Amino acid sequence: MLTKFETKSNRVKGLSFHAKRPWILASLHSGVIQLWDYRMGTLIDRFDEHDGPVRGVHFHMSQPLFVSGGDDYKIKVWNYKLHRCLFTLLGHLDYIRTVQFHHEHPWIVSASDDQTIRIWNWQSRTCISVLTGHNHYVMCASFHPKEDLVVSASLDQTVRVWDIDDILRLSQMNTDLFGGVDAVVKYVLEGHDRGVNWAAFHPTLPLIVSGADDRQVKLWRMNETKAWEVDTLRGHMNNVSCVMFHAKQDFVVSNSEDKSIRVWDVTKRTGLQTFRREHDRFWILAVHPEMNVLAAGHDSGMIVFKLERERPAFAVSGDSLFYAKDRFLRYFDFSSQRETQVIPIRRPGSSSLNQSPRTLSYSPTENAVLICSDVDGGSYELYVVPKDSSARSDSLHEAKKGLGSSAIFVARNRFAVLDKGNNQVLIKNLKNEVVKKSGLPVPTDAVFYAGTGNLLCRSEDRVVIFDLQQRLILGDLQTPFVKYVVWSNDMESVALLSKHTIVITNKKLVHQCTLHETIRVKSGAWDENGVFIYTTLNHVKYCLPNGDSGIIRTLEVPIYITKVSGNTIFCLDRDGKNKTIVIDVTEYVFKLSLLRKRYDHVMSMIRNSQLCGEAMIAYLQQKGFPEVALHFVKDEKTRFNLALESGNIQIAVASAKEIDDKDHWYRLGVEALRQGNAGIVEYAYQRTKNFERLSFLYLVNGNIEKLSKMLKIAEVKNDVMGQFHNALYLGDIQERVKILENAGHLPLAYITA
């Protein structure tokens with residue numbers, strides 16, 4: 001079981017996945033309904049209007065609505081965009097156990113302790129039918145995903161299937177129904193010895209699964225006329241509280257008050273796996289309609305989890321990709337984009353989950369493939385792929401097998417197998433014979449390729465590159481727990497991917513940069529320019545050698561990058577299909593050119609590409625390239641600021657003319673003065689009519705003729721102080737005597753004279 005997200009809260013009674021977004025609703029025993037984003041791990045909203053526990057909750061398939069039912073006998077319909085309850089449906093006379101929207105019609109079905117099931121029209125806000133027949137609490141009721149049926153489970157020890165075809169017809173005729181129409185009971189399924197807590201339809205097949213207080217999970221099959229019990233799955237030690245079919249695989253998942261979740265194989269009718277909690281009884285399950293995730297609610301919160309890994313095992317070698325899919329080793333050629341089935345790989349009738357290949361290692365010269373999986377607590381299989389395609393067909397090749405939690409090729413015909421118990425690696429040849437043993441310098445739980453004859457050993461909090469020949473440590477680095485290792489094509493750089501971090505180092509593990517992501521990192525590959533392209537759950541991003549990163553595009557579903565070539569990303573999706581995604585590389589190639597000071601590239605990209613935007617300008621400013629940023633900007637104020645920053649007076653003047661306000665002229669004057677460009681300074685001061693500064697500028701320049709002009713201007717403007725200053729600058733004593741005399745300062749005039 002792979003836990004993706006956990007919450008701590010009051011007891012969780014109801015759960016519902018959103019069909020498209022990574023959201024889940026959890027309704028609590030305390031009366032609160034929480035809306036979580038399980039991908040980011042954040043609480044988006046909480047809705048608190050019910051009195052007492054809320055036992056049922058359900059998202060609408062397409063509208064921004066959800067419905068909830070609680071112990072206050074109320075059904076509430078909410079709009080999560082408006083963050084409020086739209087209306088309340090009243091009618092039940094006891095606790096409401098479950099509520100569910102119909103996938104097409106504007107209906108809600110609700111089950112209650114008042115021994116009835118009600119069907120409501122949420123558009124007209126009326127009850128259109130009451131289904132009576134159970135004679136104890138009705139624990140759950142749900143619509144069939146395709147047909148006009150409802151299944152319900154009750155503590156009267158029965159499961160009932162109701163035909164709601166008549167309600168459909170009559171409600172569509174829009175006749176005025178007094179108290180609605182009664183649905184017909186199609187089948188009553190008897191077989192449980194105690195009260196039944198849950199019943200659910202199979203998404204596609206005519207099957208029903210039920211779980212009860214007799215600790216059994218029962219499978220039922222139905223046809224047009226009758227329904228019958230097929231099998232009983234035994235194993236729970238206490239009441240089975242909820243049970244569902246998996247949306248994608250032939251599993252039944254059940255949980256119970258015995259504090260466990262069990263996974264059963266429907267075809268073999270056997271238990272596959274059990275997950276237990278220490279102290280918390282489980283109450284509710286939810287299966288995502290589209291994706292491979294489930295959720296379970298227990299006494300102190302909930303968990304969102306997956307049953308199996310979905311990442312295909314693959315290895316890239318030059319222009320080819322080898323990967324495992326559906327019990328076959330497959331081969332994909334990047335240049336021709338053709339894929340072929342190579343050889344079948346054995347998969348025993350596995351008795352538990354997660355037996356698929358985890359890692360794959362390939363030796364191109366010997367055409368040999370090593371596949372590691374978790375079978376028998378960690379084992380490997382060695383296949384030599386036949387060269388001619390005729391032998392490739394379906395004849396099963398006997399694999400060489402062995403135990404070991406991780407195995408990789410370290411030379412063309414040698415591979416290393418990790419022996420965790422003794423903390424050593426066994427070097428074996430292609431006949432699977434041990435050639436030599438080598439102790440490891442750190443406690444290692446996995447080994448990765450690190451060039452011929454070298455191993456990259458991972459321990460809890462660090463990685464080490466170890467030379468097997470000389471038994472030397474070539475590099476050592478403290479890192480978060482590393483999940484995947486991606487080498488660049490020239491083997492000079494390596495990216496170490498953890499759950500939320502990417503550490504990039506050189507081949508001696510000398511740290512270059514670290515990136516942190518809030519959303520889980522999934523895969524990555526190096527492009528030919530030395531930029532690392534990687535994916536998170538919902539983005540494709542890039543990382544430059546200096547640690548700058550950015551988003552290239554968003555993703556609908558997670559992908560696993562196998563190779564990046566030019567502006568094409570080759571990747572595998574979760575179904576093991578090869579896909580290509582074309583991306584816009586302009587932004588990171590531009591930043592890379594700046595970083596490497598390839599200004600010719602930079603300029604040609606500016607002329608020919610669509611790069612623009614605040615972020616780009618801010619980036620250029622921050623990195624100290626205001627002169628480059630100028631080429632992008634149309635906004636005059638920004639142009640003016642960038643021009644001043646890069647000292648480009650011509651552009652600054654042009655922008656100042658466009659903007660034409662005092663502050664900008666003044667700043668232009670200051671910059672021009674700093675550069676000693678007297679003409680521009682004079683022009684700027686003239687535009688702002690800054691006469692005092694102008695006079696001083698002429699004094700500094702020794703421009704007597706213009707100073708005399710300034711004196712005349714001051715006379716015309718009747719600015720006595722200005723006249724006096726200009727006369728002082730000109731050294732004209734006669735003029736100063738005249739000015740002081742006119743101003744009535746006779747003693748001063750006398751002294752001056």
Side-chain angles (χ1 to χ4, degrees), residues 3-72 74-89 95-103 107-111 120 122 140-143 145 198 200 241-242 244 247 253 255 282-306:
T3 305
K4 294 294 171 190
F5 174 57
E6 268 195 84
T7 68
K8 295 265 180 289
S9 68
N10 220 293
R11 180 183 303 167
V12 174
K13 281 294 193 182
L15 288 172
S16 173
F17 279 109
H18 193 283
K20 296 284 178 278
R21 300 197 168 173
W23 291 352
I24 187 166
L25 278 171
S27 62
L28 310 185
H29 203 264
S30 61
V32 176
I33 302 166
Q34 298 177 327
L35 174 58
W36 291 92
D37 182 319
Y38 55 84
R39 191 180 273 176
M40 295 286 283
T42 50
L43 180 64
I44 300 172
D45 211 337
R46 57 198 299 276
F47 305 91
D48 189 1
E49 272 185 37
H50 280 285
D51 300 327
V54 183
R55 294 174 193 275
V57 67
H58 191 238
F59 267 121
H60 193 278
M61 281 288 287
S62 52
Q63 305 283 345
L65 304 175
F66 69 90
V67 58
S68 63
D71 284 8
D72 52 6
K74 290 176 183 163
I75 295 171
K76 288 180 177 286
V77 175
W78 310 73
N79 182 318
Y80 56 76
K81 281 193 177 158
L82 305 175
H83 310 286
R84 65 186 179 86
C85 173
L86 300 179
F87 55 88
T88 303
L89 300 170
Y95 296 174
I96 293 159
R97 293 281 173 177
T98 64
V99 283
Q100 186 201 7
F101 279 113
H102 193 275
H103 51 95
W107 295 354
I108 291 166
V109 64
S110 59
W120 313 76
W122 55 264
C140 85
S142 60
F143 290 113
W198 202 269
S241 48
C242 189
M244 296 201 170
V253 186
N255 66 8
F282 283 103
W283 297 105
I284 183 74
L285 278 170
V287 177
H288 196 289
E290 315 274 327
M291 287 160 43
N292 181 18
V293 280
L294 298 97
H298 53 78
D299 279 338
S300 59
M302 63 144 178
I303 47 176
V304 175
F305 61 97
K306 266 182 165 165

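Bear in mind that the values here come from a model prediction, so they are computed numbers and not experimental data. Residues take their numbers from the sequence shown, with the count starting at 1. Side-chain atoms are counted along with the backbone in the values below, which use heavy atoms only and exclude waters and symmetry mates.
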Results of side chain to side chain donor-acceptor pair (under 3.5 Å) for W78 - residues two or more places apart only: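 W78 satisfies side chain to side chain donor-acceptor pair (under 3.5 Å) with S68 only.
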Set of residues satisfying side chain to side chain donor-acceptor pair (under 3.5 Å) with respect to D45, sequence neighbours excluded: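 Per chain and number, D45 pairs via side chain to side chain donor-acceptor pair (under 3.5 Å) with H83.
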Contact between [X] and [Y] at the side-chain level, heavy atoms closer than 4.5 Å - yes or no?
X: R39; Y: R21; result: no
X: I108; Y: L89; result: yes
X: K13; Y: V54; result: no
X: F66; Y: I33; result: yes
X: W122; Y: L65; result: yes

Verdict with reasoning, M291 to K306, per side chain to side chain contact (heavy atoms under 4.5 Å, CB included): CA-CA 10 Å; M291 287 160 43; K306 266 182 165 165; over 6 Å; no
Starting at [atom1] of [X], measure out to [atom2] of [Y] and round the result to the nearest 0.5 Å.
X: N255; Y: L285; atom1: CG; atom2: CG; result: 3.5 Å
X: F47; Y: Q34; atom1: CZ; atom2: CD; result: 11.0 Å
X: S27; Y: N10; atom1: OG; atom2: CG; result: 11.0 Å
X: R55; Y: R11; atom1: CZ; atom2: CZ; result: 8.5 Å
X: I284; Y: C242; atom1: CD1; atom2: SG; result: 4.0 Å
X: L294; Y: F305; atom1: CG; atom2: CZ; result: 4.5 Å

Aromatic centroids of H29 and W283 separated by under 6.0 Å: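 For W283 and H29, the ring centres are not under 6.0 Å apart.
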Within the 6.0 Å centroid threshold, strictly below: F17 and Y38: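 Ring-ring flag for F17/Y38: true, centres closer than 6.0 Å.
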Sequence-distant partners of Y95, ring pair (Phe, Tyr, Trp, His ring centres under 6.0 Å), two or more places apart: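 With sequence neighbours excluded, Y95 shows a ring pair (Phe, Tyr, Trp, His ring centres under 6.0 Å) to no residue whatsoever.
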Short side-chain donor-acceptor distance under 3.5 Å, D37 and T42: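 Checked: T42/D37 side chains show no N/O donor-acceptor pair below 3.5 Å.
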Could you tell me whether a side-chain N or O of [X] sits under 3.5 Å from a main-chain N or O of [Y], the two making a donor and an acceptor?
X: T88; Y: K74; answer: no
X: T7; Y: M302; answer: yes
X: T98; Y: C140; answer: no
X: H288; Y: H18; answer: yes

If I compare all heavy atoms of [X] with all of [Y], which pair ends up nearest, and what's the gap?
X: F59; Y: L35; value: CZ-CD1, 3.6 Å
X: Q100; Y: F143; value: OE1-N, 2.7 Å
X: G41; Y: F5; value: CA-CE1, 3.5 Å
X: H50; Y: G70; value: CE1-N, 3.9 Å
X: S110; Y: I96; value: CB-CG2, 4.5 Å
X: G301; Y: V12; value: O-CG2, 3.2 Å

Evaluation steps, side chain to side chain contact (heavy atoms under 4.5 Å, CB included), between I24 and V293: CA-CA 11 Å; I24 187 166; V293 280; over 6 Å; no
Aromatic plane relationship, H58 with F101 - under 30° parallel, 30 to 60° tilted, over 60° perpendicular: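 Answer is tilted, since the angle falls between 30° and 60°.
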